[in-house]
Amino acid sequence: MTREIPTIYDSTAVEAQAAALWEAGHYFHADEMANSPSYAIVIPPPNVTAALHLGHALNNTLQDILIRWKRMQGYATLWMPGTDHAGIATQTVVDKRLRAEGKPALVDYKQMQERGENGREQFIEKVQSWKDEYEACILGQLKSMGCSCDWQRTRFTMDEVCAKAVRTNFFNLFKDGLIYRGKRLVNWDPATQTVLADDEVEHQNVQGFFWYLQYPLQTPVIIDGKSVEHVTVATTRPETMLGDTAVAMNPADPRATALVGKMVRLPIVGRLIPIIADEHVVLPNPDSDDEKAKFSTGFLKVTPAHDPDDWQIGQRHDLDVINVMAPDGSISDKHGWDDADSPEAQNLLGMDRFEAREAIVDWFRTEDLLEEVRDYAHEVGHSYRSHVPIEPYLSDQWYIAVKKEIDDCRLTIDDGRCETEKREGVTYIKETDVPVNSLAGLALKPLLENKLRFIPERYTKNYQLWLENLRDWPISRQLWWGHQIPVWNFTLPDDRKYKEVVGDLTSLLKKCGCIGKVWSYRKENDSHIVYICLSDAQDDRLLNDISEYSKQIAYPSDGPDITPNTIQAHAGDVLIFLEKYVDDIIVRDEDVLDTWFSSALWPFSTMGWPDENATLEKFYPTQVLCTAREIITLWVSRMVMMGQYCIGDIPFSDVYIHAMIQDGQGRKMSKSLGNGIDPLVAIDSHGADAMRFTLASMTTDTQDVRMPVAAIELPDGRTVNSSPKFDNGRNFCNKLWNASRFAMLNLEGTDIAAFDAAKLDVTDKWILSRLMKTVAATTDGLKDFKYKEPLDEIYKFFWNDFCDWYLEWTKPRMLNDAQKPIAQNVLAFVLDQTLRLLHPFVPFITEGIFQNLNSISPQRGLKGIMELTAADSIMVSAWPECVEGCIDEETERQIGIVQTVIRSIREVRSQYNIAPSKKVAASASASDAMCQLLKANAALIAQLAGVEPFDIAADLDKPENAAAVVAGEVQVYVHDVIDPDEERKRLQKQKEFVEKGIAPLAAKLGNENFTSRAKPEVVEQSRQKLTELQDQLAAIEKHLEELE
RNA sequence: GGGCGCUUAACUCAGUUGGCUAGAGUGCCUGCCUUACAAGCAGGAUGUCGGGGGUUCAAGUCCCUCAGCGCCCACCA
């Protein structure tokens, strides 16, 4: 049967067989009832926007390596799989696709929604089917890569289980007063009238102007003896001046004393606005390299409603906020501007923002208030969709207060390892403004207490700085795809007090059958809007029905008068409530939650939190999070924050940050550049194991992974985009396949009982010693989250020790009845252990070979050295252990000498073009001890150097016509080689090489400072080395002389 | 603007706390279809470790500085 194993490794067949075996054995399934300690990883859920690329392949390969390794070590492992709904990204790709296909797109569904035709629902269905398609694709890709996730537990950030966690957490935060309603400037696209995320804004360098506008002072001021009648502000967006509510200047400005506190009359509008002092303002300096200082007049117009910085200034100085634009970007007095009374202002109403800009500049020019116009090149954000400049636009958003103290004693447990300080009754983390018991504090504290560790360590700083400077987290998104915010609101009639309504509402809901908790919130300074949150999504229907009912009451003409079922029985009570407390209607917030709100819960929402259950009990907290550096802040910190808040424990203790994949030119792989590689294509072209091997072997702590992309022709004639880098992995797999094939040709009839440790020969001892060192190095490497290093170690062991030497030396032994049983057992054992070491990296091929090995040599293990228990699958076999007793430095030294002698003979053979099949006569001369060693191993040398006969004796002279090589302490003579010129050439070269080694050593040892100051062992080492080299040099010189 | 990383052979990268003549894979040159493997075997060539300075008996490794490449975050009156 083994004789039919093909010589070229067929990855397709082996991968399919291994996958089937794993599935049948349910080996990926995590057992929450297992007694062994747990080891869990939650997958960073890929976005359902698109298929996975190589970056994901790397990310998941590394996780699978850890999981498979720990599983073999006997841990109860869980690798939790799933996908992320990726709110805005997914909504956007679906919209793009619909538009590209000429189908009704988001704009159209929005219109339908406005007409009351369920546009929202229909659009979400479109996104849902996109999600279904890509989720299936992604999971398929992961499976093809061999990821040993517990597929039964596959989650999606918007599935029912996750939704419950989201709902519960939202409610808790809401109840704890950590969620509030506030104003925020968003990136508004006036053309499509949608909000854009920051990363959807395309920055373009625009050649524009700085306009210098004069604003007259209410009363002139004397500065340096001169009467000053106006201040000059510089702006790139003159149209926003209509919303100015202050002029700011730096308090350090010499003119500030005279001007701050004075009033300015805003041209066109006539509004009186104050001059305020704010350090944000850049002082003018025409000679500065700083663009801002160069262009600054020292006066900054402040438009809180239309500029993020100005908004901040406005907050600091409690300025009015005047929005002068309609959502379409036209000038409007209907959205917060109530002093547009002047004819000039009236004239601007309705103009597009750019028309208005020109009109305003013209007005200033005409009035002689335009002091100057200067060219200015600057970055302007544009919509990636409509390509029009985005407008910072003021809107209401929900926020999470991240630095507000939480009243919950469960969270105050403090082991004192995190330094704190108390200020004004609040305990802060030392040297920060982060209260210990705030969400930010909860995320920061574990780091300072060394409970949370980043690997590599340098990323710690990222995380820490981000949390220390954290601002409140805006969580509402004006999207349809996502978790809709579970908040309803209504306006109270003016004569009703907030307190009154709360009790009545709660009892009304309970009466109607509400099963969960009800909590309400009232925005500061806006006491007549009541926001309601329900703890249980099952109650949504009730509130939706009340909402529907309120619409019918408020707008009876709009539809038939039907009381919804859920409140039928209590329609009268509802009606009373509505009439008493609800000014207009009850509505649900239309926005959805930021995608990261649900991803923040991923480590435990996937395990069924908030319901207490065995999975959560067994596997939370997890051990490792494995991700790329770009989402340390967005994701990692929020998971820690929420893990602490929801469960009172960090979600993982180690955060491993791995490299990014780049193309051959160091660019990020991206779809728009077309430089990406689909993992499935790589699997097609090279095999899953080859891909994994290459990715893992390129993974180091510091370097991003460069993957040249090339068109590669497959055996079947197709040409695909893959990378020649995967050749490495494929070659390795092929070598592994063939070495195993060879081994198994010789393993039939292996009898474990025939093994006798006393009969091990020197090559056996050597390979076992090498193996054990490799086992130790691999385990140590993985412990430290190293991937390349263990793989390099295994590679060297397998290829350079096992294949190049041990297997070759095995060949004659397999024909020798006395030695065969020993050789067979060692061979089977070493192969078995090598496969196990490799399994986490290349799971399919190792499983394939392991199965073959199981059928040929089912029992393996070395009696008295290491017993092995049989396993049905390599993935549940025991991880190799290093048997210290097998490490044998003396044997390694001896084999090292043997190899050196062999290499020197091969060198001569190669130099004289002696055919490999041709035997040469040779002899060796050395010290008595060395001769003894060589004689003991003469057969090993003779075999692999093609030597016959081989004489060894002390003080042998060089025979006539022989080539002489100095192999360390041994003089090797290859007989009947008759080319003195060639000889001289080679010996001369060797002489130079040795001399090159002697020179620095001699210099060092001649240096008094070195011998006295360097560590004694270093000096001693150098002395020995020098002596050795000098002996060699003498030998070489002697040979050279003999040639003359 | 703030933070971080990188620069070592033609290419992609290793190089532990400073210490044997700086390594691997690929590519290149020579010879081999040696019955596990030509996706292989044997042999070979290739480096002012980005530039400059410093510390040290000793620097690819530590410090300073200059230059180039890249990433993250913030911002763009």
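Below, chain A is the first sequence line, B the second, and so on; all start at residue 1. Keep in mind that what you see is a predicted model, and the values were worked out from it rather than measured.
Put simply, the side chain of A:Asn746 gets close to the backbone of A:Phe742: a donor and an acceptor are under 3.5 Å apart. A donor-acceptor pair is defined here as one N or O able to donate and one able to accept, closer than 3.5 Å; such a pair exists between the side chain of A:Arg909 and the backbone of A:Gly946.
We find that CD1 of A:Ile276 is positioned 17 Å from P of B:A77, with the value rounded to whole Å. Spacing between atom CG of A:Asn913 and atom P of B:G44 amounts to 14 Å, rounded to whole angstrom units. When the P atom of B:A38 is taken as reference, atom CG of A:Asn731 falls 11 Å away, rounded to whole Å. A:Ile657 places its CD1 atom 13 Å from the C1' atom of B:C71, with the value rounded to the nearest Å. Rounded to a whole Å, the CZ atom of A:Phe209 is 21 Å from the P atom of B:C76.
Among the heavy atoms of the strands, none lies under 4.0 Å from A:Lys301. Note on A:Phe210: only backbone sugar-phosphate atoms sit closer than 4.0 angstrom, heavy atoms only; bases stay farther off. Residue contacts for A:Ala234: at a heavy-atom cut-off of 4.0 Å it reaches the sugar-phosphate backbone alone, with no base atom in range. At the heavy-atom level, A:Trp799 lies under 4.0 Å from the strands shown only through sugar-phosphate atoms. The residue A:Leu465 sits apart from the nucleic acid: no heavy atom pair falls under 4.0 Å. Using a 4.0 Å heavy-atom criterion, one finds that A:Glu808 contacts the bases of the nucleic acid, with or without backbone contacts as well. If you check every strand for non-hydrogen atoms under 4.0 Å, A:Arg1023 touches nothing. Backbone-only engagement by A:Thr236 is indicated by non-hydrogen atom pairs under 4.0 Å involving sugar-phosphate atoms exclusively. No engagement by A:Asp727 is indicated, since no non-hydrogen atom pair under 4.0 Å with the nucleic acid exists. Within 4.0 Å (heavy atoms only), A:Asn469 reaches no atom of the nucleic acid at all. Among the atoms of the strands shown, only primed sugar atoms or phosphate atoms (P, OP1, OP2) are found under 4.0 Å from some heavy atom of A:Thr235. Contacts of A:Arg903 with the nucleic acid, taken as non-hydrogen atoms under 4.0 Å apart, involve only primed sugar atoms and P, OP1 or OP2.
One cannot find a donor-acceptor pair under 3.5 Å joining the base of B:A42 and the side-chain atoms of A:Arg906.
Salt bridge annotation for A:Glu279-A:Arg316: absent, with no cationic side-chain nitrogen under 4.0 angstrom from a carboxylate oxygen.
Between A:Tyr806 and A:Phe802, the ring-plane angle classifies as parallel under the 30° and 60° cut-offs.
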Protein-proximity profile, nucleotides 6-17 of chain B, B/S/- by nucleotide at the 4.0 Å heavy-atom cutoff, equals S-----SSSS--
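The environment of NZ in A:Lys919 is crowded: more than 12 heavy-atom neighbours from other residues, nucleotides or ligands sit within 6.0 Å. No more than 12 heavy atoms of other residues, nucleotides or ligands shown are found within 6.0 angstrom of CD on A:Glu969. Crowding of A:Phe1010 atom CZ: a count of heavy atoms from other residues, nucleotides or ligands under 6.0 Å exceeding 12.
To the nearest 0.5 Å, atom CG of residue A:Leu58 and atom OG1 of residue A:Thr694 are 11.5 Å apart.
In this structure, A:Asn462 and A:Phe299 both approach RNA chain B, and ranking their closest nucleotides by distance from the 5' end singles out A:Asn462.
Across all their heavy atoms, A:Ala963 and A:Glu983 have their closest contact at CB-OE2, 3.1 Å.
Neither OP1 nor OP2 of B:G40 sits under 4.0 Å from any side-chain N or O of A:Trp737.
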- Message: Using side chain to side chain contact (heavy atoms under 4.5 Å, CB included), reason through A:Trp596 and A:Trp473 one step at a time and then give a plain yes or no.
- Response: CA-CA 10 Å; A:Trp596 298 107; A:Trp473 175 14; 3.9 Å; yes
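Straight-line distance between the C1' atoms of B:A14 and B:A74: roughly 35 Å, to the nearest whole Å. As rounded to the nearest Å, B:G23 and B:C66 have C1' atoms that lie 29 Å from one another.
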Each base of RNA chain B marked ( ) or [ ] if paired in-strand (Watson-Crick or G-U under 3.5 Å), | if paired to another strand and . if unpaired gives (((((((..((((.....[...)))).(((((.......))))).....(((((..]....))))))))))))....
